[in-house]
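The structure appears right after this line, and notes come after that.
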Amino acid sequence: MATSLEDDTEPNNQDYYSLLNVRREATLEELKASYRRLCMLYHPDKHRDPELKEQAEQLFNQVQQAFTVLSDEHSRAIYDLFGKKGLEVEGWEVVERKRTPAEIREEYDRLQREREERKLQQRTNPKGTISVGVDATDLFDRYDDDDFEEVPSSGFPHIEINKMHISQSIEAPLTNSDTAVLSGSLSTHNGNGGGSINMTVRRVTSAKGWGEVEFGAGDILGPLVGLKMFRNMTQRCWMTAQCGLQFSPRGLRPSCSLMTARHLDNNTMGYLQWRWGLNSAMTTSLVRDTKSTHLTLALQLSVPHSYLMVSYQYKFQDEDQTKVKGSLKTGWFGTVVEYGAERKISRHSVLSATVSVGVPQGVTLKIKLSRASQTYLFPVHLTDQLLPSAVFYATVGPLLFYLAVHRLVIIPSHRSRRNKLELQRINSATDIAKKKQEAESVLLMQESVKRIIDAEESKMGLIILNAWYGKFVSEISQKQEKTKVADVTVPLQCLVKDSKLILTEASKAGLPGFYDPCVGEEKSLKLLYQFRGVMHQVICADTESLRIPIVQNHV
């Protein structure tokens with residue numbers, strides 16, 4: 001991958017596009033317009049103070065260097081592919097420098113297409129689930145029978161995968177109000193398999209509701225046609241209605257369901273659902289969710305599956321978002337008690353383990369790993385009976401395994417990452433101090449800022465009231481780390497033109513007057529601005545484009 005595409009986190013890697021605040025696809029005319037405007041804002045001749053003049057000259061030279069590179073076709077092609085290192089002759093031998101600008105541009109376009117494909121994948125919001133059922137009953141329920149003495153046995157317990165389920169779905173935005181969802185699933189159990197595919201088209205009809213039409217087909221149940229509608233009845237109450245028609249080998253199977261929900265208070269929701277069809281039922285539930293607890297009470301009345309369920313979850317206020325949970329479910333099928341824990345093991349991964357003990361279901365250990373939008377389930381059935389040994393090993397085994405992995409793998413990995421970031425901060429201390437000094441020099445250019453503000457106030461245009469750039473920590477991690485932000489109100493106001501502020505998808509740290517207050521960590525830009533006499537607030541990610549004014553988020 002090209003240096004310019006991967007080294008954005010390096011402290012000495014200044015993005016020329018970000019410095020000029022232009023797109024990577026910017027034309028020569030766009031480069032010239034941005035260059036002329038920045039030169040007018042930061043020209044050193046506007047300052048009489050020697051120290052201020054020297055600081056302005058440094059920033060002015062950086063703008064000139066960026067324009068010189070990007071305005072030359074060959075230099076720009078090399079910079080796009082290799083970054084600033086590719087422009088250095090000494091100590092950097094690159095065979096590709098001998099390519100023509102067209103060839104280098106073709107290689108860069110190929111890398112850009114790969115990035116666009118990754119962005120498209122994020123936009124389609126793919127979601128998937130893989131469930132692998134493991135039958136480990138031979139560990140505790142060894143089947144011994146004299147009639148099978150002639151069958152050879154290895155003496156080891158027999159563990160097999162007896163079922164598997166795979167499902168995947170993707171979204172395709174059609175218009176601002178229409179979205180298509182394509183999903184499919186495959187499953188197998190004891191040698192018998194099946195699959196299905198579904199196509200759903202959803203339309204947002206208003207701010208209060210939406211509707212969707214579903215078409216499905218499978219190799220067991222047959223084609224399906226369904227309709228679903230959602231509607232906000234009041235600010236505290238909403239309703240969902242759904243009906244469907246299944247074309248099964250045994251004839252048409254209609255179904256219908258209706259669910260209504262209401263906010264009882266700020267933390268409590270009440271649900272009432274009626275379902276008619278193959279498995280008709282009436283279900284009522286109460287859910288209370290607070291900062292530290294989650295409680296669910298549910299009662300279902302149905303001919304085949306009536307039950308009463310109580311579930312409780314406690315949330316620890318730590319950085320790993322640890323949760324412990326337990327539930328009791330009893331009905332015509334028997335009684336099931338479940339308990340387990342969940343913990344965040346990395347930035348995008350959550351691991352949970354649950355022990356299910358029931359009559360007559362037996363003992364089952366359920367392992368779940370959620371990684372981004374993918375979910376992996378591993379239900380391990382240990383025994384069909386209530387054996388204390390199975391309950392003990394299902395509880396202690398995963399706990400010991402997690403403690404070992406946490407100590408031997410997770411902690412060293414986190415420590416290595418922290419050490420790397422700390423080393424990076426130490427090595428970049430000089431560069432950060434330099435960038436901060438340059439940022440302060442821009443903050444001292446009050447004459448340009450005052451002129452822009454006066455022009456905007458005269459026409460009730462865009463005024464940047466406050467702007468911060470850096471890392472904003474959440475309430476959960478506030479005890480472990482501090483907020484690391486830089487005040488960038490003045491630099492952003494300098495970029496306002498004709499009552500508009502447009503920032504590209506490059507890192508904001510490369511903008512004039514900006515510096516990186518937290519190298520190697522996720523950053524965002526938060527600003528409060530006034531337009532047409534109304535205040536607004538907006539937050540955007542570090543590499544997210546921004547166009548303001550935005551008429552939402554009134555303060």
Side-chain angles (χ1 to χ4, degrees), residues 14-15 17-23 30 33-47 49 52-53 55-60 62-63 66 435-470 472 485-517 523-555:
Q14 185 168 22
D15 187 356
Y17 292 99
S18 178
L19 181 63
L20 297 179
N21 191 28
V22 294
R23 303 174 297 115
E30 292 175 336
S34 178
Y35 172 68
R36 285 194 295 266
R37 186 167 186 274
L38 291 176
C39 286
M40 292 176 61
L41 287 173
Y42 309 123
H43 201 286
D45 292 344
K46 293 186 176 182
H47 307 280
D49 186 277
L52 188 58
K53 187 180 184 72
Q55 294 173 347
E57 186 175 356
Q58 293 178 357
L59 181 59
F60 184 77
Q62 291 180 7
V63 173
K435 292 290 294 182
K436 187 174 182 179
Q437 186 181 20
E438 294 171 359
E440 291 173 351
S441 71
V442 177
L443 296 177
L444 295 176
M445 296 180 182
Q446 296 295 340
E447 183 178 350
S448 298
V449 176
K450 186 176 183 303
R451 185 176 65 253
I452 295 174
I453 292 178
D454 292 341
E456 293 296 325
E457 286 181 343
S458 64
K459 55 185 177 182
M460 296 186 67
L462 178 61
I463 306 295
I464 306 298
L465 301 176
N466 286 294
W468 301 272
Y469 173 70
F472 302 90
V485 296
D487 190 334
V488 293
T489 306
V490 174
L492 275 185
Q493 187 67 64
C494 284
L495 297 177
V496 173
K497 182 181 180 182
D498 298 331
S499 299
K500 294 180 181 179
L501 175 62
I502 301 176
L503 303 180
T504 64
E505 295 182 350
S507 174
K508 307 301 182 289
L511 291 170
F514 278 62
Y515 73 96
D516 193 344
K523 295 170 284 291
S524 58
L525 176 65
K526 179 179 181 180
L527 57 93
L528 180 69
Y529 68 91
Q530 180 176 311
F531 182 72
R532 298 287 188 262
V534 181
M535 287 191 295
H536 308 267
Q537 179 175 300
V538 64
I539 301 176
C540 72
D542 185 26
T543 56
E544 183 180 21
S545 62
L546 176 66
R547 296 176 66 93
I548 59 173
I550 302 176
V551 297
Q552 294 87 7
N553 301 330
H554 298 281
V555 176

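If you're wondering where the values come from, they're calculated on a predicted model, not measured in any experiment. Excluded from the calculations below are hydrogen atoms, water molecules and symmetry mates; all remaining heavy atoms, backbone and side chain alike, are included.
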Take N21 and L503 through the side-chain contact (heavy atoms from CB on, under 4.5 Å) test and state the conclusion after the steps.
CA-CA 6 Å; N21 191 28; L503 303 180; 3.9 Å; yes
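Looking only at side-chain heavy atoms (C-beta outward), Q493 and I463 come within less than 4.5 Å of each other. Between V63 and L20, the closest side-chain pair of non-hydrogen atoms falls below 4.5 Å. The side-chain heavy atoms of Y17 and T504, taken from C-beta on, include no pair separated by under 4.5 Å. Side chains of I464 and V449 form no contact here, defined as non-hydrogen atoms less than 4.5 Å apart. Two residues are said to be in side-chain contact when any heavy atoms from C-beta on lie closer than 4.5 Å; V488 and L511 fail this criterion. Counting heavy atoms from C-beta outward, L38 and L19 have side chains that stay 4.5 Å or more apart. The shortest side-chain heavy-atom distance between V485 and D487 does not fall under the 4.5 Å cut-off. The shortest distance between side-chain heavy atoms of K508 and K523 does not fall below 4.5 Å.
Atom CG of L492 and atom CG of L546 lie 8.5 Å apart (nearest 0.5 Å). Atom-to-atom distance recorded for L528:CG and M535:CE is 6.0 Å, nearest 0.5 angstrom. To the nearest 0.5 Å, atoms CG (L501) and OH (Y529) are separated by 9.5 Å. How far CZ of R37 is from SG of C494: 8.0 Å, rounded to the nearest 0.5 Å. Rounded to the nearest 0.5 angstrom, W468 CH2 and I539 CD1 are separated by 10.0 Å.
Residues satisfying the side chain to side chain contact (heavy atoms under 4.5 Å, CB included) criterion with I502, sequence neighbours excluded, are R547.
Applying the salt bridge (Lys or Arg N to Asp or Glu O under 4.0 Å) test to every pair with at least one member in residues 453-464, sequence neighbours left out, gives these pairs: K450-D454.
Between A467 and L527, the shortest heavy-atom contact is CB-CB, 3.9 Å. The two residues A509 and D542 have their closest heavy-atom pair at N-OD1, 4.2 Å. Summarising the geometry of S499 relative to G461, their closest heavy-atom pair is OG-CA, 3.5 Å, with the distance given to 0.1 Å.
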